[in-house]
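Report on the following structure.
Every number for a ligand or one of its atoms is a count from 1 in the order of the listing.
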Amino acid sequence: MTRRAIRGRLLTFTRAPRGAGDAQSYRSIDDGIVLVENSRIAAVGPAAEIAARIPPDVPVERHPGALIMPGFIDPHIHYPQTQVIASYGAQLLEWLEKYTFVEEQKFADPGHAARNAEFFLDELARNGTTTACAYCTAHPASAEALFVAAHKRNAGMIAGNAVMSRNGPPGLLAPAASAIADSRDLIRRWHGTGRQRYAVTPRFAITSTDAQLAELGALLKEFPTTLMQTHLDENLGEIAAIKKLFPADPSYTAVYGRFGLLGPRSLMGHCIHLTDDEITLLRDTRSVAVFCPTSNLFIGSGLFDYQRLNAAGIRIALATDVGGGTSYSMLRTAAEAYKVMQLQGQNLPALAAFDLMTRRNAAAIGLEGEIGAIVPGAYADLVVLDARATPAMAHRMETVRDLEEELFVLMTLGDDRAVRQTYIAGEPALKLGSARSATT
Ligand code: GUN
Ligand code: ZN
């Protein structure tokens, strides 16, 4: 049995904060220990209580001055876009054609996919992200490469090949039958293998025919524990194209609804330009709206109206959307979420942001209790954060008075440099003393 004890200041959320200062929404322990046994948390509590239960041969790793939290969860990211990130000067449909589809075609080569999968997982670990919902390309070799690499690391990934059958280059389009057969094969081999899970992934309604969307809906029904991920109401040009392609449907959201693609396991990326009817449809189906602020600003898509969706009772998650998004860091993502909300006269308290990146994102992808919290039984996926990681952060920390202010410094000024260590299933993922390179 592999055992390890991780000691330091612990923080985990127990429910959604009702606003700034809601100290009942989390549990923090100034000097705590997480006892790990076989990938999972066996016990957690104050060091004074737990220390006596640790056998003498179990190593104790100490993180003085740092904050140990559940690893971040990124519920919308594209692993084939690590060489698309930072592509200049285009809005969504042009950006897809000019940069994204070009890079994604390279994933027909399994060697290219394998190299990118390793890079992607290293980069997530460097940023403290321990689980992600990743779009792959239409080539089954791309999802295969990511699953193989994640399984080897015992990292819990959710992935699916982004199925397309029209409005893209021939190199990304698969005939409907083979795309579905490939997805089914990936589900059979990987969904539930170790920590891996599959997400049925229509890229977006523009790139699938009615027939393909219907088959994807049927696939979701056939494997009801899989997730579904796609894009929705991101960009006005996209919405105009949807109106032309699906003239009989009352809305973009209704298109997905018609094919059985909405539901509590459906992750709808962006959700910026929703009508009231679409909001009702998302709420009634318990679908998740995924807020991707760095992407929405970078691609110029618009401002996610958090307050409107939250008030309507829609489940919300927070994600990077790399490579439309501009950072792998969930801390940078929270900082941009804050600014997007400020522009609309709304606030994102630090407590709410960290709850979103951990517990709420876990709940959004159906993994509450497994990840996203430091509780017995959960996987020991942890991030160790240092709010004094840079001179500017250390200087600002001199005037910080409490945990909430520290969290706000972390999300406003922090990035990968603030990640001192990342544990995946209890194993350190970063070489000691360096957040710059991940172990493979
Ligand atoms: N809509 C369809 N495909 C994509 C993609 O790759 N990125 C983003 N941001 N939106 C999309
Ligand atoms: Zn996306």
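- Between Glu118 and Arg153, at least one side-chain N (NZ, or NE/NH1/NH2) sits under 4.0 Å from a carboxylate O, which counts as a salt bridge.
- In this structure a side-chain-to-backbone donor-acceptor pair under 3.5 Å is missing from Ser208 to Pro202.
- Those atoms of ligand 1 that come under 4.0 Å of a heavy atom in Asp321, given as number and element, are 8 (C), 9 (N).
- Donor-acceptor pairing under 3.5 Å is recorded for the side chains of Glu278 and Thr253.
- For atom 10 (N) of ligand 1, the nearest protein heavy atom (residue, atom name, distance) is Glu234 OE1, 2.7 Å.
- From Leu121, atom CG reaches atom OH of Tyr79 across 9.0 Å, with rounding to the nearest 0.5 Å.
- Considering only non-hydrogen atoms, atom 11 (C) of ligand 1 lies nearest to His231 out of Glu238, His231, His78, His270.
- No other N/O/S atom of Asp321 lies as close to the Zn ion (ligand 2) as OD1 does.
- The protein heavy atom nearest to atom 6 (O) of ligand 1 is Arg203 NH2, 2.7 Å.
- In this comparison of Trp95, Phe101, Phe298, the heavy atom closest to atom 7 (N) of ligand 1 sits on Trp95.
- At a 4.0 Å heavy-atom cut-off, ligand 1 touches Leu96 through the side chain alone.
- Residue-ligand proximity, Leu92 to ligand 1, at heavy-atom distances under 4.0 Å covers atoms 8 (C), 10 (N), 11 (C).
- Taking 2.8 Å as the criterion, Cys292 does not count as a coordinating residue of the Zn ion (ligand 2), since none of its N, O or S atoms falls below it.
- Salt bridge Arg417/Asp415: present, at least one basic N to carboxylate O contact under 4.0 Å.
- Taking the N/O/S atoms of His76 in turn, the shortest distance to the Zn ion (ligand 2) belongs to NE2.
- Seen from the Zn ion (ligand 2), atom NE2 on His231 and atom NE2 on His78 lie at an angle near 100° (rounded to 10 degrees).
- For Arg197 and Glu370, the salt-bridge test fails: no basic side-chain N is under 4.0 Å from an acidic carboxylate O.
- Tested against Asp74, the residues Asp321, Asn361, Thr333, Thr320 include a single side-chain contact (heavy atoms from CB on, under 4.5 Å) partner, Thr320.
- Ring planes of Phe147 and Trp190: parallel class, angle under 30° (limits at 30 and 60°).
- Geometrically, ligand 1 and Glu104 share no nitrogen or oxygen pair separated by less than 3.5 Å.
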